[in-house]
Amino acid sequence: MRQRKRVTAAALFGGLGISLAGLSAIVPTAHAQVPAPAASAPGTTGLVAQGEYVARASDCVACHTAPGGTPFAGGLSFALPMGTIYAPNITPDAQTGIGKYTEAEFARAVREGVRRDGASLYPAMPFPSYARMTDADIHALYVYFMQGVKPVANTVKASTIPWPLSMRWPLIGWRMMFAPSVKDAQAKSARPFADPVLARGAYLVEGPGHCGACHTPRAITMQEVALTSADGTRFLAGGGAVDGWIPTSLRGENRTGLGRWSEDDLVEFLKVGRIRRGSAFGGMSDAVGHGTQHLTDEDLHAIARYLKALPPDDTTQTPWTYDATLATALHSGDVSARGARTYVDSCAACHRTDGQAYPTVFPPLAGNPVVMDKVPDSLIHIVLTGDILRATHDAPSAFVMPGFADRLSDEKVADVVSFIRKAWGNNAAPVTAQDVARVRKALPKAEGDAALPLN
Amino acid sequence: MASIKMKSVDAVVIGGGWAGAILAKELTEAGQSVVMLERGADRSTASDGAYPGSIDELQANFRHKIFQNLSKSSVTIRNSSDQTALPYRQMAAFLPGEGVGGAGLHWSGVHFRMPPDDLIMRTKVKEKYGEKFIPEGMNLQDYGVTYDDLEPFFDKAEKVFGTSGEAYTVNGQVVGKGNFFAPSRSDNFPLPALKDVYGANMFRKAAEEVGFHPYAMPAANASAQYTNPYGVQMGPCNFCGYCSGYACYMYSKASPNVNILPALRNDPKFELRAESHVLRVELDSTKTKATGVTYLDRKGNEVFQPAELVIVSAFQFHNVHLMLLSGIGKPYDPVANEGVVGRNFVYQNVTTTTAWFDKSVYTNQFIGTGGGGVAFDDFNSENFDHGPLGFIGGSPVWVNQAGIKGIAAAKIGGPPGTPHWGSAWKKAMVDTYQHSVRMDAHGTNMAYRDVYLDLDPTWKDAYGLPMLRMTFDWKDNDIRMNRYVVSQIAKVTKAMGATDVHLGQRQPGEHFDTRFYQTTHLAGGAVMGDDPKTSALNRYLQSWDVSNVFVIGANAFPQGTGYNPTGMVAALAYWSAHHIRTTYLKNPGPLVQL
């Protein structure tokens, strides 16, 4: 279980001097399980279940659960340069949770980022996306939280941000400038789509799914530069680092986006986190784990079809095709290419000398969009720390990639990452030892054994 | 009385190895609530198989990281009834496991089906050679099940384990170059055979040349990535050789941990309690019904776990020990030749032959797969005429190169006669490690009236319980079998072009020596069969005396097999589970009426 969200960038908010650094870091990383709904009032069972589904689609559990804590009882920390904030308890406990919230107050908090007492929420809460959520979904969600979630008395630690930075009123300005009103957001969702499946996909991705929170670049003032596909091709074009992982483009780029993934690939990926083209890791592992794997096939197809309809932001990419030159060299014992020897020694057992690996157990590196991303940090990061492909309901095996931070110097990592980025038709730029040193320095603290899978 | 009493469950499973995991999976599928008690630690690839720390030969093979803690409990051993047994204090001749996965985590992965004739051995020997062929004092028995009974369960186990191999016949049709002597199968192996390593390939060619029938050994080391019927996945074997004694970091060696438990751990009907050491199965006043089990939890509390059904599925001799401690079945008395628990305790008759080659021949012994290799069965089971030879039993012969690692290689050094230290040792090791091939005669060991298990009258374990005593020695029949089969290996090593050969043969009159590793394939002691006078369990592995106790493991084998036992244990587990599910649960009671 990760200890806390990490600051990834620093920025100033307008002229008000309030740092909102790190607020982009809202990807769920806790591995909490959503509990079975508690007994509910007669007649609302269906609504509770519906609300639970909306909670899954919105991935509330991710941020509102402390490592090892009760789901929704809050406490996950977000470390910012000026202090640490903690996700609130959203169980229906009257004193420490949201038990006193009326549905209107609840709706306002979720969609507009305003607390019951009128204070602004930090935009770590993705209310600019949630603003799109329908009244029906908000109603179901409210019923679920009030009737399907057990109240837990848990007073979440107070923010450690010192005065005057702790004043929340400047956030009102941020909300006014960057967060859409519910009316505007819903009007945008009502824009015409070629078919209802695309419309449903747009709603899920742009609304409850808040995919853009990670996958859309942010401006210096920390708002996402686009909130819907109607706002231009920067939407979902790949975001800034979250916990040291670089969310890739979800658009149609051939090499670094989803250009070569089919709709079925995407559905399968969101369901089990592992397909012939790659496996989920970093924050996405968790997004699949407590979010997308629980969605219906219809909704997954809607999401996939919608994403497949997004044209590339970077239109300069030549189509990736497999190039066997370096694989052939490795087969014949030629390890003279930069990083080749390290690759053979430390990577090829699982990923093979031909880079095709053994999907869906060990993911391919040949043609993998993550590998070719302009920003090499994810690849460097995973070589240094390794990572875990988490079990899902339909794929109960987890797989652990070991980290090489203790075994490979910055130079060696740079060599092998450069090799991977160049081999098999991948054509991404090489990386330097300085790149590796920078990523190594910013690595999150290692997770404890408690997070290790049991297979 | 236990100080803590737990809520009753449908079934309690003792031991977290293959047998326990299979039974727990089958029972939860049947809707039963199951508690699995494992005395050792919980184990996983992520913790015990974390690369590269896990491939530490010293820790794994010499300090026995995932094996039984002998300072807490062990067995005592003697060669004959007139001796006083002494405790087995250091791991040597055999290596019992401990922890979740059990022997299924530390095993190599050799995954055989039992030869059909071995299951009906007494009948077969009588039929072919007459009853007088059976030596005095040999308890030759049938299993009470046939290959046809077990075939669907061999098949199921292979699919769960992701076993790699090449079939010879499927549904009576020859389909490949598998084992000529193997019985027909209902389906092919789920994965193709592993590639031959070089030494095994030399052996294959030579064996063919001299007229034997070599085949790729069936191995539960995945030859490709694989998803089993439970939806769990395996990675492909990379021939690193870190199989036996290790949690496989590639997820390619089948284990309960990788192949079954991922599908069980999230099941709300299943609970695994590691570090829970079972002391005994509790019986009611009639001694015909078990009420549950008493165990020590990790804090040392004595806990009673009530259950309707008790599955005893620890390692072979622990099962026998638990039956003796609990009063399940009549203990064996070798003098009166009565009683069944402890009777027909058997081992396996393994010797290793080494062939050395010219320095231009590189055998790369560091490469290996625990379960893979090339074998021939021309001298196994009833595949050859025992009549003129005058012994019962046989041996498959194989090159099962499981990766000879640094320390093991240094211990082997050079050919017999070379010093074990100094420059001569160094030179011999350098000259021979890369240029030698080792092959095993992996033979049967028959059951004898004066070879048995009982409770030691002297020694107690850390829990104050009498230790299990092994009375075991090699017998003339088995020594002669070994010598005959090994003599046949000489033909193969000659055809391989060996420059020097050391034939590993048992010597006449040789005694069992616990100081050197032989094999962990102990069997029998609570065997299955059709006659309660000669078996502790009926053909469904149900105790004849306590019908809600099933005892699953190699303890059920009436005599030693030439094959590795795990495939048979897994098939028996599925066989037993099938009959529990389809018959016993509907109407609990004895599944065999006398």
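Note on naming: letters A, B, ... go to the chains in the order of the sequence lines (proteins, then strands), and numbering restarts at 1 for each one. What's counted below: heavy atoms across the whole structure, side chains too, no hydrogens, waters or symmetry copies.
Closest non-hydrogen pair, A:P396 versus B:G231, comes out as CD-O, 3.3 Å. Of all heavy-atom pairs between B:Q225 and A:V361, the closest is CB-CG2, 3.8 Å. Closest heavy-atom contact between A:N455 and B:S44: O-CB, 3.4 Å.
Taken to the nearest 0.5 Å, the CG atom of A:L454 stands 9.0 Å off from the CG atom of B:L272. With rounding to the nearest 0.5 Å, the separation of OH in B:Y51 from OG in A:S346 is 6.0 Å. Going from atom OG1 of B:T227 over to atom CZ of A:R274 covers 9.0 Å, rounded to the nearest 0.5 Å.
Only the backbone of B:Y230 comes within contact range of chain A, judged by heavy atoms closer than 4.5 Å. Heavy atoms closer than 4.5 Å to chain B are found nowhere in A:A348, neither backbone nor side chain. For A:A349, the parts sitting under 4.5 Å from any heavy atom of chain B are the backbone and the side chain alike. With a 4.5 angstrom heavy-atom cutoff, A:Y358 touches chain B via backbone and side-chain atoms both. When heavy atoms are compared at a cutoff of 4.5 Å, B:N259 does not approach chain A at all. Contact of B:Y251 with chain A is made through the side chain alone, with heavy-atom distances under 4.5 Å.
In terms of heavy-atom pairs under 4.5 angstrom with chain A, the leader among B:P52, B:C240, B:A224, B:A50 is B:P52. When the candidates B:L261, B:V258, B:T45, B:N266 are compared by the number of heavy-atom contacts under 4.5 Å with chain A, B:T45 comes out ahead.
Crowding of A:H393 atom NE2: a count of heavy atoms from other residues, nucleotides or ligands under 6.0 Å not exceeding 12. Atom CZ of A:R341 has 12 or fewer heavy atoms from other residues, nucleotides or ligands within 6.0 Å. Taking a 6.0 Å sphere around NZ of A:K412, one finds it holds 12 or fewer heavy atoms contributed by other residues, nucleotides or ligands. Counted within 6.0 Å of CZ on A:R407, heavy atoms from surrounding residues, nucleotides or ligands total more than 12; the atom is thus considered enclosed. Shown here is B:Y362, whose OH atom has no more than 12 heavy atoms of other residues, nucleotides or ligands within 6.0 Å.
At least one side-chain heavy atom of B:P236 sits less than 4.5 Å from a side-chain heavy atom of A:F362.
For the residue pair A:T360/B:Q233, the side-chain donor-acceptor check at 3.5 Å is satisfied.
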